[in-house]
Amino acid sequence: MTWWWLLVVALRAAVPADSHAGCARELAALDRVRATAFASADPALLADVYVAGSPLQDVDARTIAHYRSRGGRVVGAVLQVSQCRELERTAATIGLEVVEALGPSLVRWDDGGATALPRDRPTRRQITLRHTADGWRISGSQPPAPTSGQAPGR
């Protein structure tokens, strides 16, 4: 192994895998609250993640309610961000382009059993954070707009 590879290995050990989180500290904090909402089967916590009236909040709340009605709660529902790029930042909004995948997650059932959820594939999306009186909240998430010459969708 050459000195170059030794340097790469040393830097990887010294720099956390989530080093791009500085790009989205606010997003990471919101994701931790979201994961807590899933793990505790408490959709009320999502009010600390999304802007009021968000369709994204409704989707998450329905998912939590679905598992809770069957005696389950989702544990480990943390999004692992592999890429993050800040597109814009103002006092009121932050626009991010991220590539993320759901980390290893499972459903804990009331009877003590557990079921591993399928692994997620990385997904690229644009996320908009909006500053509210209560702090940063997710106000939108969508696939990125195609660049010229790129067909929309798959």
Side-chain angles (χ1 to χ4, degrees), residues 11-147 152-154:
L11 285 174
R12 279 197 159 178
V15 177
D18 199 17
S19 63
H20 55 272
C23 166
R25 258 176 291 183
E26 296 86 355
L27 181 61
L30 294 170
D31 188 48
R32 285 190 297 274
V33 176
R34 181 178 178 267
T36 300
F38 275 89
S40 63
D42 184 1
L45 295 176
L46 297 172
D48 292 335
V49 177
Y50 298 103
V51 296
S54 168
L56 298 169
Q57 180 178 353
D58 293 341
V59 169
D60 278 355
R62 282 193 305 271
T63 302
I64 290 169
H66 171 75
Y67 281 107
R68 188 177 56 210
S69 73
R70 295 173 45 217
R73 57 191 175 85
V74 179
V75 177
V78 176
L79 292 172
Q80 297 177 335
V81 177
S82 59
Q83 295 177 30
C84 181
R85 183 170 61 103
E86 196 170 283
L87 301 173
E88 68 174 310
R89 181 183 284 260
T90 69
T93 63
I94 301 173
L96 301 169
E97 182 177 71
V98 300
V99 175
E100 61 190 10
L102 183 64
S105 305
L106 55 89
V107 180
R108 292 241 185 249
W109 303 105
D110 289 344
D111 67 5
T115 304
L117 293 175
R119 292 302 305 252
D120 192 19
R121 299 177 91 188
T123 303
R124 182 177 303 275
R125 68 181 88 245
Q126 289 180 347
I127 297 174
T128 304
L129 305 181
R130 184 166 314 285
H131 197 270
T132 71
D134 296 316
W136 290 101
R137 299 291 185 265
I138 297 171
S139 64
S141 175
Q142 60 190 351
T147 57
R154 299 202 311 167

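All figures in this text were calculated on a predicted structure; none of them were measured in a lab.
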*May I have the step-by-step check of side chain to side chain contact (heavy atoms under 4.5 Å, CB included) for Thr63 and Val74, ending in yes or no?*
CA-CA 9 Å; Thr63 302; Val74 179; 5.6 Å; no
*Could you go through the side chain to side chain contact (heavy atoms under 4.5 Å, CB included) check for Leu102 and Gln80 one step at a time?*
CA-CA 6 Å; Leu102 183 64; Gln80 297 177 335; over 6 Å; no
*asked:* Would Arg85 and Glu97 count as a side chain to side chain contact (heavy atoms under 4.5 Å, CB included) here? Give the steps.
replied: CA-CA 5 Å; Arg85 183 170 61 103; Glu97 182 177 71; 3.0 Å; yes
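Counting heavy atoms from C-beta outward, Leu106 and Leu117 have side chains that stay 4.5 Å or more apart. In this structure, Ile94 and Glu26 have side chains that are in contact, with non-hydrogen atoms separated by less than 4.5 Å. At a threshold of 4.5 Å between non-hydrogen side-chain atoms, the residues Ile138 and Val51 do not count as touching. At a threshold of 4.5 Å between non-hydrogen side-chain atoms, the residues Arg34 and Val78 do not count as touching. The side-chain heavy atoms of Arg25 and Leu27, taken from C-beta on, include no pair separated by under 4.5 Å. With a 4.5 Å cut-off on side-chain heavy atoms, Pro143 and Arg125 do not count as touching. Inter-residue side-chain proximity for Val75 and Ser105 is flagged as unmet; no heavy-atom pair is nearer than 4.5 Å. Under the 4.5 Å side-chain criterion, counting only non-hydrogen atoms from C-beta, Leu129 is not in contact with Ser139.
Taken from OG1 in Thr93 to CZ in Arg130, the straight-line distance is 6.5 Å, to the nearest 0.5 Å. Rounding to the nearest 0.5 Å gives a distance of 9.5 Å between CG of Asp48 and CD of Gln57. One distance of note links CG of Leu56 with OG of Ser141; it measures 6.0 Å at 0.5 Å rounding. The CG atom of Leu79 sits 11.5 Å away from atom CG of Leu30, with the distance rounded to the nearest 0.5 Å. Interatomic distance, Phe38 CZ to Ile64 CD1, rounded to the nearest 0.5 Å: 4.5 Å.
Taking the side-chain hydrogen bond (donor to acceptor under 3.5 Å, both in side chains) definition, one finds that Asp31 meets it with nothing, sequence neighbours left out.
Checked for salt-bridge contact, Glu100 and Arg121 miss the test: no charged N lies under 4.0 Å from a carboxylate O. Salt-bridge annotation for Arg73 and Asp42: absent, with no side-chain N of the basic residue lying under 4.0 Å from a carboxylate O of the acidic one.
Counted by atom type alone, Tyr50 and Asp60 present one or more donor-acceptor pairs between their side chains at under 3.5 Å. For the residue pair Arg62/His66, the side-chain donor-acceptor check at 3.5 Å is not satisfied.
Listed here is the closest heavy atom pair of Ala35 and Ala77: CB-O, 3.6 Å. The minimum heavy-atom distance between Leu46 and Ala61, with the atom names listed, is CD1-N, 3.5 Å. Taking every heavy atom of both residues into account, Val107 and Gly72 meet most closely at CG1-CA, 3.9 Å.
Between His131 and Trp136, the angle of the ring planes goes over 60°, which puts this pair in the perpendicular group of the 30/60° scheme.
Counting heavy atoms of neighbouring residues, nucleotides and ligands inside a 6.0 Å radius, atom CZ of Arg68 exceeds 12 of them.
Leu96 pairs in a side chain to side chain contact (heavy atoms under 4.5 Å, CB included) with only one of the listed residues (Glu86, Gln126, Arg89), which is Glu86.
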